[in-house]
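Chain identifiers are assigned alphabetically (A, B, ...) following the order of the sequence lines, protein sequences preceding nucleic acid strands; residue numbering begins at 1 within each chain.
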2 protein chains.
Amino acid sequence: MVKPVSRPTSQYTHDALALLGQLVREARLGKAMTTTDLASRAGISRSLLQRIERGDPGCSIGVVFEVAALSGVPLFELEPRQLTSHLALHGEKMALLPKAVRTSTQRVKDDF
Amino acid sequence: MVKPVSRPTSQYTHDALALLGQLVREARLGKAMTTTDLASRAGISRSLLQRIERGDPGCSIGVVFEVAALSGVPLFELEPRQLTSHLALHGEKMALLPKAVRTSTQRVKDDF
DNA sequence: GAAAAATGACCCATAAATAACTCAATAAGC
DNA sequence: GCTTATTGAGTTATTTATGGGTCATTTTTC
């Protein structure tokens with residue numbers, strides 16, 4: 001039983017994950033669903049749902065977002081429609097940005 | 001070379017992940033950081049950062065949140081301090097909720 | 001208070017994520 | 001236009017997450 005070398009996590013991330021997990025749990029209880037219910041609806045195992053509600057940083061973000069959506073927790077505080085259009089708009093904006101950056105510390109040219 | 005059986009993902013989740021990835025990329029470019037820069041700061045590989053910016057649902061949520069925080073993308077539209085206090089308040093609220101739910105379809109008691 | 005169900009916390013086998021690398025294509029700066 | 005860094009997209013070995021169980025505990029309902 002080797003202790004798993006977990007990835008370092010900042011307080012901010014920890015808090016955000018804990019809050020998201022709490023929101024999911026609150027939404028689930030609000031809909032009077034059991035962990036087994038929600039897990040099967042989301043197509044995941046009950047143990048994974050428990051980890052999500054606990055705010056485990058190791059869960060796949062896709063699964064967590066699916067569960068959040070299923071339980072009614074909004075992502076980015078946007079409804080599905082709004083999120084889609086917001087994404088489209090943002091995509092256009094992205095096209096105007098530089099495709100790559102170049103650090104200024106390169107090409108010191110100290111050969112004089 | 002077995003094609004990985006990917007987990008089904010809803011449009012909503014897909015959009016949310018794509019948006020989050022775009023926000024990270026935009027923030028990174030805004031700070032004039034290379035992918036290698038941000039990846040090493042976050043303590044992850046460049047290939048993983050690429051997947052995050054692409055909106056890959058398979059990335060660990062802890063890693064994605066860390067990168068978002070590092071690049072300056074706010075989570076829940078809250079600053080670190082606010083997030084912490086919000087979490088504390090929400091925790092108290094959680095204590096008032098029922099610890100378990102019971103589905104009403106149980107105990108049909110059809111033995112009459 | 002009793003019965004039944006839901007939850008929490010483990011464990012293990014397996015599937016999947018991640019790091020580290022390579023190489024081609026693209027973009028930035030002169 | 002040329003040079004060189006940056007990015008995109010793969011591949012493989014290794015680490016880790018996930019599913020599916022079990023069992024004890026808590027909580028609901030009667």
Side-chain angles (χ1 to χ4, degrees), chain A residues 1-9 17 21-22 24-26 28-29 31-64 66-67 94-109 111, chain B residues 1-9 17 21-22 24-26 28-29 31-64 66-67 94-109 111:
Chain A
M1 181 265 196
V2 268
K3 183 178 174 186
V5 182
S6 62
R7 196 182 291 276
T9 306
L17 287 175
Q22 281 192 355
V24 166
R25 165 173 262 262
E26 184 178 356
R28 175 178 64 79
L29 292 175
K31 292 189 175 184
M33 299 175 74
T34 66
T35 53
T36 306
D37 273 345
L38 181 54
S40 82
R41 280 208 184 200
I44 64 174
S45 62
R46 190 173 70 93
S47 54
L48 180 52
L49 176 58
Q50 286 184 126
R51 288 176 51 204
I52 292 174
E53 292 192 350
R54 205 181 304 153
D56 191 317
C59 305
S60 293
I61 193 170
V63 174
V64 179
E66 282 289 338
V67 170
M94 292 288 296
L96 303 178
L97 294 177
K99 310 292 185 299
V101 292
R102 181 164 294 214
T103 64
S104 52
T105 47
Q106 260 73 6
R107 299 198 56 72
V108 279
K109 190 185 271 187
D111 55 323
Chain B
M1 179 265 193
V2 268
K3 181 179 175 184
V5 182
S6 62
R7 196 182 290 275
T9 307
L17 288 176
Q22 282 192 355
V24 167
R25 164 174 263 261
E26 185 178 356
R28 176 177 63 80
L29 292 175
K31 292 190 174 183
M33 298 176 74
T34 67
T35 53
T36 305
D37 273 345
L38 182 54
S40 84
R41 279 206 187 201
I44 65 174
S45 62
R46 190 173 70 91
S47 53
L48 180 54
L49 176 58
Q50 286 184 123
R51 287 175 52 204
I52 292 174
E53 291 192 353
R54 206 180 304 153
D56 190 317
C59 304
S60 293
I61 193 170
V63 173
V64 179
E66 282 290 337
V67 170
M94 291 288 297
L96 303 178
L97 294 178
K99 310 293 187 300
V101 292
R102 179 164 296 213
T103 64
S104 52
T105 47
Q106 258 76 1
R107 298 199 55 75
V108 279
K109 190 186 272 188
D111 56 322

Any A:Arg46 side-chain heavy atom under 4.5 Å of A:Leu49 side chain | no

Show each protein N/O and nucleotides 8-10 of chain C N/O combination with a separation under 3.5 Å, one pair to a line.
residue: C:dG8; atom: OP1; partner: A:Arg25; partner atom: NH2; Å: 2.5
residue: C:dG8; atom: OP2; partner: A:Arg25; partner atom: NH2; Å: 3.3
residue: C:dG8; atom: N7; partner: A:Arg46; partner atom: NH1; Å: 3.3
residue: C:dG8; atom: N7; partner: A:Gln50; partner atom: OE1; Å: 3.1
residue: C:dG8; atom: O6; partner: A:Arg46; partner atom: NH2; Å: 2.9

Extract the stems that DNA chain C is part of, considering only consecutive pairing runs of at least three Watson-Crick or G-U wobble pairs, both distances under 3.5 Å.
-> C:1-30 with D:1-30

Calculate, to the nearest 0.5 Å, the distance between atoms NZ and CZ belonging to A:Lys99 and B:Arg25 respectively.
-> 9.0 Å

Mind checking the CZ-CG spacing from A:Arg51 to A:Leu17? Nearest 0.5 Å is all I need.
-> 11.5 Å

Can you give me the closest heavy-atom contact between [X] and [Y], atom names plus distance?
{"X": "A:Val67", "Y": "A:Ala42", "answer": "CG2-CB, 3.9 Å"}
{"X": "B:Cys59", "Y": "B:Val64", "answer": "CB-CG2, 3.8 Å"}
{"X": "A:Pro57", "Y": "B:Ser60", "answer": "O-CB, 3.7 Å"}
{"X": "A:Arg28", "Y": "B:Val101", "answer": "NH1-CG2, 4.5 Å"}

Are any of the side-chain nitrogens in B:Arg7 or A:Glu66 under 4.0 Å away from the carboxylate oxygens of its partner?
-> no

The residue, B:Leu97 or B:Ser60, whose nearest nucleotide of DNA chain D is more 5′ is B:Ser60

Heavy-atom donor-acceptor pair, B:Arg51 side-chain to C:dT18 base, under 3.5 Å = no

For the side chain of A:Ser45, counting heavy atoms from C-beta on, which of D:dT7, C:dA6, D:dG19 is nearest?
-> D:dG19

Output the single nucleotide from D:dT18, C:dA6, C:dT18 whose closest atom is nearest the side chain of A:Thr34.
-> C:dA6

Quick one: B:Met33 CE to D:dT7 C1', roughly how many Å, whole number?
-> 15 Å

Round to a whole Å and report the spacing from CG of A:Leu17 to C1' of D:dA17.
-> 15 Å

Start at the 5' end of DNA chain C and walk down; is the nucleotide closest to B:Val101 or to B:Ile44 reached first?
-> B:Val101

Find which nucleotide of DNA chain C each of B:Gly58 and B:Ala100 is nearest to by heavy atoms, and output the residue with the more 5' nucleotide.
-> B:Ala100

Test side chain to side chain contact (heavy atoms under 4.5 Å, CB included), reference A:Ile61, set B:Ile61, B:Val63, B:Ile52, B:Asp56, output is B:Ile61

